[in-house]
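A quick write-up on the structure given underneath.
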Amino acid sequence: LYIPLVYKNTPVGLIKLGRKLSRKPFYEKEKSIGKILADHCAFAVRNLEKIQKLEKVTLIDPETRVYTETFFRDFFEKESSKSLRFRRPLSVIYIHIDNYSYLLSNLKETIVHDRVSFILQTMTKTLRDSDLIARIRTNRFCILLPETDYLGALITIKRLRKAIRD
């Protein structure tokens with residue numbers, strides 16, 4: 001028996017109920033119980049989707065499309081605990097954009113934001129999946145490099161500079 005998950009006339013999923021042990025067909029009462037269950041599941045699925053969208057909005061800076069300071073602090077706390085517990089290296093790169101307010105006052109704001117976003121996206125593509133870049137302030141960013149020692153961080157900085165130059 002298949003029962004659609006529908007929330008406000010929009011399908012969000014499907015529930016499959018297996019055969020009964022007695023192999024008899026489902027009765028109307030059982031079908032109506034399944035429908036009630038499906039309605040509750042549809043509501044739960046829709047709420048989960050809303051929560052996930054809300055988390056993404058609060059975790060990602062809308063202007064630069066990198067993580068927010070709040071997420072960075074939480075992630076850093078977890079990674080530093082792991083680093084200490086397992087005696088593994090952890091590096092942080094701090095990036096400060098000089099003359100940011102000067103650029104904003106002398107150029108179009110959208111041009112400055114577009115260039116900063118482009119640079120950050122280039123950096124994100126250059127970094128490993130385990131690395132994290134976040135906006136800390138308007139013109140300040142941090143990159144967290146788990147399992148990376150001092151020499152590895154220097155190599156990463158060189159790779160980032162080369163990627164931005166190119």
Side-chain angles (χ1 to χ4, degrees), residues 1-86 88 90-95 97 100 104 108-148 156 160 163:
L1 176 66
Y2 290 93
I3 303 171
L5 300 178
V6 180
Y7 180 78
K8 293 186 179 178
N9 296 325
T10 304
V12 294
L14 190 67
I15 290 180
K16 177 187 176 190
L17 298 178
R19 287 190 293 182
K20 294 169 59 172
L21 291 176
S22 65
R23 298 191 186 266
K24 293 181 182 176
F26 287 97
Y27 298 112
E28 285 305 313
K29 184 177 180 182
E30 293 167 327
K31 289 179 182 178
S32 70
I33 290 172
K35 177 69 173 119
I36 292 169
L37 176 66
D39 289 342
H40 285 286
C41 288
F43 184 74
V45 167
R46 185 55 77 189
N47 280 343
L48 179 62
E49 289 171 351
K50 287 180 181 178
I51 288 170
Q52 287 173 334
K53 284 180 185 176
L54 185 61
E55 283 178 342
K56 276 190 173 182
V57 168
T58 57
L59 298 179
I60 303 289
D61 177 56
E63 190 177 296
T64 58
R65 309 299 303 150
V66 296
Y67 289 101
T68 61
E69 179 181 8
T70 306
F71 181 78
F72 180 80
R73 288 183 186 280
D74 183 50
F75 191 77
F76 177 77
E77 193 174 301
K78 290 174 186 172
E79 286 297 323
S80 61
S81 294
K82 280 198 290 188
S83 175
L84 289 171
R85 185 174 352 124
F86 299 116
R88 304 296 304 154
L90 176 68
S91 296
V92 176
I93 299 172
Y94 182 77
I95 300 166
I97 300 173
Y100 190 76
L104 283 176
K108 274 185 158 180
E109 188 174 332
T110 54
I111 293 173
V112 175
H113 292 310
D114 287 347
R115 295 312 302 162
V116 169
S117 293
F118 177 77
I119 289 169
L120 291 170
Q121 293 310 312
T122 302
M123 292 169 74
T124 301
K125 289 176 189 173
T126 305
L127 295 170
R128 303 172 299 181
D129 289 339
S130 59
D131 301 335
L132 181 131
I133 185 166
R135 186 179 201 170
I136 304 303
R137 296 281 181 272
T138 305
N139 61 339
R140 295 183 178 121
F141 301 87
C142 278
I143 301 174
L144 187 64
L145 305 168
E147 299 288 329
T148 306
T156 301
L160 291 171

Kindly compute the distance separating [atom1] ([X]) from [atom2] ([Y]), expressed to the nearest 0.5 Å.
X	Y	atom1	atom2	answer
E28	I33	CD	CD1	11.5 Å
I133	I143	CD1	CD1	4.0 Å
T110	L104	OG1	CG	10.5 Å
E63	E109	CD	CD	7.0 Å
L90	L84	CG	CG	8.5 Å
L127	T122	CG	OG1	10.5 Å

**OP:** Sequence neighbours left out, what passes ring-ring contact (aromatic ring centres under 6.0 Å, His included) with Y67? Give chain and number order.
**Re:**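 Testing Y67 for ring-ring contact (aromatic ring centres under 6.0 Å, His included), a comparison that skips the adjacent residues, returns F71.
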
Taking all non-hydrogen atoms of both residues, which atom of [X] and which atom of [Y] are closest, and how far apart?
X	Y	answer
P4	A38	O-CB, 3.8 Å
E30	Y27	OE1-N, 2.8 Å
A42	V6	CB-O, 3.5 Å
C142	F72	CB-CZ, 3.5 Å

Go through the structure and list residues passing side chain to side chain donor-acceptor pair (under 3.5 Å) with [X], not counting sequence neighbours.
X	value
E147	R88
K31	none
R65	none

Original post:
More than 12 non-hydrogen atoms from neighbouring residues, nucleotides or ligands closer than 6.0 Å to CZ on F118, yes or no?
Top reply: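 No, not enclosed.
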
**OP:** Using a cut-off of 6.0 Å, state whether more than 12 heavy atoms not belonging to Y2 lie near its atom OH.
**Re:**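 No, because the 6.0 Å sphere around OH of Y2 holds 12 heavy atoms or fewer from other groups.
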
Is the closest side-chain heavy-atom distance between [X] and [Y] below 4.5 Å?
X	Y	value
I97	T138	no
L37	I3	no
Y7	V45	no
V116	F141	yes
T126	T156	no

Subject >> Under-4.0 Å salt bridge between R73 and E77 >> reply: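 Looking at R73 and E77, the cut-off is not met.
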
Subject >> Of all pairs that satisfy side chain to side chain donor-acceptor pair (under 3.5 Å), the ones with a partner from residues 33-48, not counting sequence neighbours >> reply: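 Only K35-D39, R46-E49 qualify under side chain to side chain donor-acceptor pair (under 3.5 Å).
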
Is there a donor-acceptor pair closer than 3.5 Å between any side-chain N or O of [X] and the backbone N or O of [Y]?
X	Y	value
S83	E79	no
Q121	T64	yes
T148	P146	yes

**OP:** Apply side chain to side chain contact (heavy atoms under 4.5 Å, CB included) to M123 and I95, showing your working.
**Re:** CA-CA 11 Å; M123 292 169 74; I95 300 166; 3.1 Å; yes

Original post:
Please, which pairs that meet salt bridge (charged side-chain N to carboxylate O under 4.0 Å, His left out) have at least one residue in residues 115-129, sequence neighbours excluded?
Top reply: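 Residue pairs passing salt bridge (charged side-chain N to carboxylate O under 4.0 Å, His left out), neighbours aside: R128-D131.
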
